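A short write-up of the structure that comes next.
Remember, predicted model here, so these are calculated numbers, not experimental data. Within every chain, numbering begins at 1; the chains are lettered A, B, ... in the order of the sequence lines, protein sequences first and strands thereafter.
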Protein chains: 2
Amino acid sequence: MATIGDVAREAGVSRSTASYALSGKRPISEEVRQRVLAAAEALAYTPNAGARALATAQTKVLGLLAQFHEDEFAPAMMQYILGVTNTARDLGYDTLLVTEADGVRALRRVTDSRMVDGVVLMNVAQDDARLPVLRAAPQPGALVGLPGDCSGLDVFDLDFAEAGRVMVDHLHRLGHRELILISHPEHVVERGGAYVWRLRDAALERARQLGVTLHAVYGESRQPAVGRLLNGLLDAYPAATGLLINNEAVAAALPSVTYARGLRVPEDLSVIGRYSADFAATFSLSYSFIESAPDRLGSMAVRQLVRRVESAQARAEPFVVRFISPELVSRESTAPPRPHTR
Amino acid sequence: MATIGDVAREAGVSRSTASYALSGKRPISEEVRQRVLAAAEALAYTPNAGARALATAQTKVLGLLAQFHEDEFAPAMMQYILGVTNTARDLGYDTLLVTEADGVRALRRVTDSRMVDGVVLMNVAQDDARLPVLRAAPQPGALVGLPGDCSGLDVFDLDFAEAGRVMVDHLHRLGHRELILISHPEHVVERGGAYVWRLRDAALERARQLGVTLHAVYGESRQPAVGRLLNGLLDAYPAATGLLINNEAVAAALPSVTYARGLRVPEDLSVIGRYSADFAATFSLSYSFIESAPDRLGSMAVRQLVRRVESAQARAEPFVVRFISPELVSRESTAPPRPHTR
DNA sequence: CCCGATCATCGAACCGGTTCGACGATTGCG
DNA sequence: CGCAATCGTCGAACCGGTTCGATGATCGGG
């Protein structure tokens, strides 16, 4: 493999001149520049990433730390990852995907060894053990997901609280007065999944203000428990006319349940979900839903991260916590409730 | 950040001694070794990855090149990726995930710049433009997916041909004499997705031998086209009693179609799919299926790749093409056909 | 008691880039 | 015509590791 020394020799100049000719960081005569470029081309020269990293203290690689929990819905994760890798590449960075179970150790490894210029953390929990490590790291970091303490890091997330309010408002406006909200399983909350209660608490509060009855329950993440749960709820609350779903697995399972019970949406039951458009397409879901925009969140996190990586000035700016506003995508799965109950 | 020079000074030894004490590549007195280890611990020393890569010509990073096509089923991809990243980490490697649309350019970049010690290629097409580049690269490479020309690379894939035969055999043995096989969309074949016709041609051949009528058709990848297709086929071939599905999107959509038509599986229609167990769980599919074992394939590819990376002897071994035998997971979605047609 | 083998450690070179300061050759001006 | 400013190029140092050959100390054997 050709080194810059080979290029320099081929062009008949010193190594430093070759370097300057290629980088343009100092004026080089047009003639010499052309000779160097031709030599580099002829030898198919590509700079050695390790050597460059050593010299410049920049790797042009970002770390992406994702955690995969048994009870989480893997298909949703792919969207986040693609948002990150594609945006990173557009900005000139490659992505080191780390899925190690021990996130703290993994984070330490990639930051301490200077493998990456910055880190994106996914699946951030309320009290995430990785956060203190990331704050202490020399590289900047960005989070997808809202933790309890946002200090020292840029944070990006969907505004789950507002999402909960939008859902309740929408069905209240149509005339519904008794709703069911199905969240993630309880152990997701115990693990620190704050998005569960952020949406839930805001929805309960808004329902209270509006005088709407809201049955908020924890969900399941796997079949056949999901189906049992749905049937149980529809039996238990026969007067409920609307269903709010903050749980991908439940949303995916709902069509077969309504089919089996002979329920029609929205005539017998209004439904609003919270997931991504891509998820809806994959599972052929035709419910109105609040777009959770995973690719956009991943992309935003990377953009901010790269800004901080590349500019000392940006690094000095105050940290941001940016919420994406929930956007309700209408698929006509909601309608005024029928005068009599289901 | 502490360097090995800092550790050496703290321990009162030379840099080389510190290096040997930490690596154990030369005998070092127990007393000095302890001093160096203590110093490294005290300073929280972690070797700089770039410097080490430069010195050793090893990065301890593998490249994972994946391509995401609009018409492909993203959820399935996640399994492959996890198989690769988790196995790589177990073996001491991190994974650079590259999803760039221009796979050839991406591959060139990561290999020429020596960012990675080896490369796993996913979504390999019949005549994949990345293959000549990978063969010419100094790093070893492993493929997930069977191309037309396997020379110079290790290849891992499901035995799709055998899968097709197993499907036909199984239903023939139960007494079925007219079947429908739904493959991927035609443009997947045009793009070089050989697994489509590998399964299809073998199934047709076996059906011919057994005197079974097999209607082999291309599928769709999105709703509502998938639903239309299924209904159209069931109308067009009323005498067909079995359905073979080599297409994730079609498998995921089938339950709602059979529901709507009032068809019962397996009483009215026998079904066999080809997907992963994880996919079945995610989509709550209860059909018998041929396990495509994406995580196992990713894992196998990485193991072989790392063997070649780490041992000159392994590098000299002949290249392998390894097929996973299709395993039929029974979920009781097949039964003898009813005496009269559907 | 001296010599050679063994052992632990050190210094220097190297991996392949980047960057700083210096230097010689032009050029422009008085 | 001589001197200063400008321009282009070069050599050397540096980034932070690893590794080779050399060196001095310790040991055992004759």
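Along DNA chain C, the nucleotide closest to B/Arg26 and the one closest to B/Leu54 are compared, and the more 5′ of them pairs with B/Arg26. Two residues, A/Thr17 and B/Glu30, neighbour DNA chain C, and the one matched to the more 5' nucleotide by heavy-atom proximity is B/Glu30. Two residues, B/Lys25 and A/Tyr20, neighbour DNA chain D, and the one matched to the more 5' nucleotide by heavy-atom proximity is A/Tyr20.
Rounded to the nearest 0.5 Å, atoms CG (B/Leu96) and CE (B/Met115) are 5.0 Å apart. B/Ile81 contributes atom CD1, which lies 7.0 Å from atom CG of A/Leu97 (distance to the nearest 0.5 angstrom).
Looking only at atom types and distance, the side chain of B/Asn123 has no donor-acceptor partner in the side chain of B/Gln67 under 3.5 Å away. With no hydrogens or angles considered, a side-chain donor-acceptor pair links B/Asp149 and B/Ser151 at under 3.5 Å.
Residue B/Ser29 is classed as a sugar-phosphate contact, given heavy-atom separations below 4.0 Å to backbone atoms only.
Within the 4.5 Å cutoff, side-chain heavy atoms of B/Val306 are placed close to those of B/Leu62. At a threshold of 4.5 Å between non-hydrogen side-chain atoms, the residues B/Leu131 and B/Leu121 count as touching.
Atom CG of B/Asp90 has more than 12 neighbouring heavy atoms from other residues, nucleotides or ligands inside a 6.0 Å radius.
Atom-to-atom, CZ of A/Arg9 to C1' of D/dC10 comes out at 16 Å; the value is rounded to the nearest Å.
Donor-acceptor pairing under 3.5 Å, judged by distance alone, is present between the side chain of A/Ser16 and the base of D/dG11.
Bracketed by its first and final contacts, the part of DNA chain C lying under 4.0 Å from non-hydrogen atoms of chain B reaches from C/dA8 to C/dG16 in 5' to 3' order.
Partners of A/Asn86 according to the side chain to side chain donor-acceptor pair (under 3.5 Å) rule, which considers only residues two or more places apart in sequence or in another chain, are B/Thr99.
A heavy atom closer than 4.0 Å to some atom of DNA chain D occurs in A/Val32, these being the qualifying members of residues 32-53 of chain A.
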